[in-house]
Amino acid sequence: MFNELGLSPKVVSAVEAAGYTKPTPIQAAAIPHALEKKDVLGLAQTGTGKTASFVLPMLSLLEKGRARARMPRTLILEPTRELAAQVEESFEKYGVNHKLTVALLIGGVSFEEQNRKIDRGADVVIATPGRLLDHLERGKLLLQQVEIFVVDEADRMLDMGFIPDIERICKILPAKRQTLFFSATMPKEIVSLVDRFLKDPVRVEVSPPSSAAETVTQRFVRSGSTPKEKRDTLRRLIRGEKELSNGIIFCNRKRDIGTLFRSLERHGFSVGALHGDMDQRTRMMTLDSFKQDKITLLVASDVAARGLDIPKVSHVFNYDVPHNAEDYVHRIGRTGRAGRSGAAFTISTPEDKKLVAAIEAMLKREVQWLDDDAPPAAQKSAARSGGEDRSRPPRGRNRGDRRGPAEAETVAAQAPAPSQPQQAPAPAPARSKSDEAPRSDRGSRRRDRREPDEPRVAFRDTPYVPAFLLRPLSPRKPATTTTTRKSTTEPVG
DNA sequence: AAAAAAT
């Protein structure tokens, strides 16, 4: 029980109010040590309750003392803006009984609000490295009063090249501090960081990273190489999955995301798009819609591969085989969370042979191909439709059978528009330049469009799309040709 | 063959 971990009554009551009774293994293991002000090295992935394992003890410890202007008492580093925002939400949820100032310092949004919070005296600063350093360089933020320093998703920070930034930040922080350090894996660069910046850490390990995959049914799916063939394969897979409640579709390239997003939208799917070149507000809105089940599918880059805490993803579709075998594990780790079963499909073209081999090498076993084994629903439908799905009824009509019984009541409870209960609207498509369809695809788009009777219009005017989302963000720019903004410092050769 | 993060 949470009240046995040594957390303060305020924290315990907030946790209970949030509906939690039993700590997860990482929480049970890490919280008592964190409360004793020990350094903690936590080996765990998201979905294990990792965030609460540092947020709850931090709230307890912060009850003593007060923040001074520009001198935060705690600092949390996150690799992506979404993760940082998620941690802020966690402080809001568990900190309802506290009067704490929490500042979220991430890029892509204005400095004003951030500066105000810092000046007021932030108890908690949650930041991505770039924006944090920006504040530091402007002299707006002083770190000498930091009592607790949290590094989350350290291995991902490594992948993203943030290690030098973390080292810089560590050197500014007071030596007398508590460090809570989380990483799903321990490559040697991370071990070195831990050795240098943690003091006698208590090592808390929940589950080896590979075990995340065990509740997930993984299938590889052969497909032709052209985008059209891949999109056909994907639609067939999605339509064949009767138990699909929601799913993430991963693309390797940002520029493919917009194309695929629009294609799915045209085919009547409830879909959103998420990648790092989209403006921050749209990113947040889209993620929110997905979490709240307002959209069923999310076409995303690897920005969504790790860490995002979306508790209920039933399916992962890899539209592309990921470049790194490790990314594969992270992507499929978005489903099958918290003991739930999940399904992951990876669309693979003949050109992807080497990447598949790399994944097999890492998994230490062969992957299973959809057409080689006992048929999940998708295979049957693939066989039936002979690779073309034109004859199928338009989606959005056959709703009743799409979800398993477990989800049925949730759906009913939140269905706002009787005519289209599950077909919630997609948020406004991202308007960033990378979302423009490549010219080569324009032709095939037109052909896709030929599907005769799509229900799209029906959910265009459903009531719960905030009106501002449908307005353009800024005056229309002339057709973007981005090749002109090349830097003058480009080296020769 | 990529993505992410400061402007």
Side-chain angles (χ1 to χ4, degrees), chain A residues 46 76-86 104-112 114-115 118 125-141 151-169 184 225-227 230 248-260 273-280 283-284 287 298-308 318-331 334 346-359 430 432-435 438 440 485 487-489:
Chain A
T46 339
I76 300 167
L77 287 184
E78 295 286 339
T80 67
R81 300 168 184 176
E82 274 75 13
L83 272 171
Q86 227 166 249
L104 180 65
L105 309 186
I106 60 174
V109 293
S110 103
F111 280 90
E112 276 173 48
Q114 298 181 0
N115 284 335
I118 294 169
V125 163
I126 306 159
T128 45
R131 183 55 72 97
L132 182 81
L133 288 169
D134 204 341
H135 278 285
L136 288 171
E137 281 159 13
R138 288 161 191 243
K140 287 282 179 193
L141 189 64
V151 180
D152 199 11
E153 303 263 331
D155 49 353
R156 188 160 189 212
M157 301 251 201
L158 169 72
D159 290 345
M160 292 170 66
F162 284 155
I163 298 300
D165 292 345
I166 295 176
E167 288 174 343
R168 261 179 80 192
I169 294 161
S225 308
T226 68
K230 289 177 85 169
I248 305 179
I249 301 160
F250 285 105
C251 295
N252 284 358
R253 295 174 204 78
K254 282 182 287 205
R255 64 163 189 268
D256 294 338
I257 291 175
T259 315
L260 182 57
L274 187 72
H275 65 72
D277 281 355
M278 288 164 47
D279 73 90
Q280 194 55 30
R283 280 168 72 165
M284 298 272 190
L287 190 57
L298 185 65
V299 186
S301 70
D302 278 320
V303 70
R306 303 190 198 186
L308 286 193
N318 288 316
Y319 177 78
D320 300 303
V321 183
H323 285 102
N324 293 331
E326 218 174 86
D327 288 337
Y328 175 79
V329 177
H330 286 290
R331 286 182 182 185
R334 297 301 93 205
T346 303
I347 297 174
S348 169
T349 70
E351 290 75 29
D352 295 327
K353 224 174 159 180
K354 278 188 181 162
L355 296 174
V356 174
I359 291 169
S432 68
K433 58 181 185 294
S434 54
D435 230 23
S440 62
R485 66 167 225 295
S487 156
T488 49
T489 56

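Chain identifiers are assigned alphabetically (A, B, ...) following the order of the sequence lines, protein sequences preceding nucleic acid strands; residue numbering begins at 1 within each chain.
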Original post:
Would R156(A) count as a cation-pi partner of F162(A), with NZ or CZ less than 6.0 Å from the six-membered ring centre and within 45° of the ring normal?
Top reply: no

**OP:** Report, as a single string ordered 5' to 3', how protein heavy atoms within less than 4.0 Å touch nucleotides 2-7 of chain B: B base, S sugar-phosphate only, - not at all.
**Re:** BSBBBS

**OP:** Please check if any side-chain donor atom of D352(A) sits under 3.5 Å from a side-chain acceptor atom of T349(A), or the reverse.
**Re:** yes

**OP:** In plain terms, say whether E137(A) and R168(A) are close enough for a salt bridge, that is, a side-chain N and a carboxylate O under 4.0 Å apart.
**Re:** yes

Original post:
Are R334(A) and F250(A) in a cation-pi contact, defined as NZ or CZ under 6.0 Å from the six-membered ring centre and within 45° of the axis?
Top reply: no

Subject >> L287(A) CG to L274(A) CG distance, which is reported to the nearest 0.5 Å >> reply: 6.0 Å

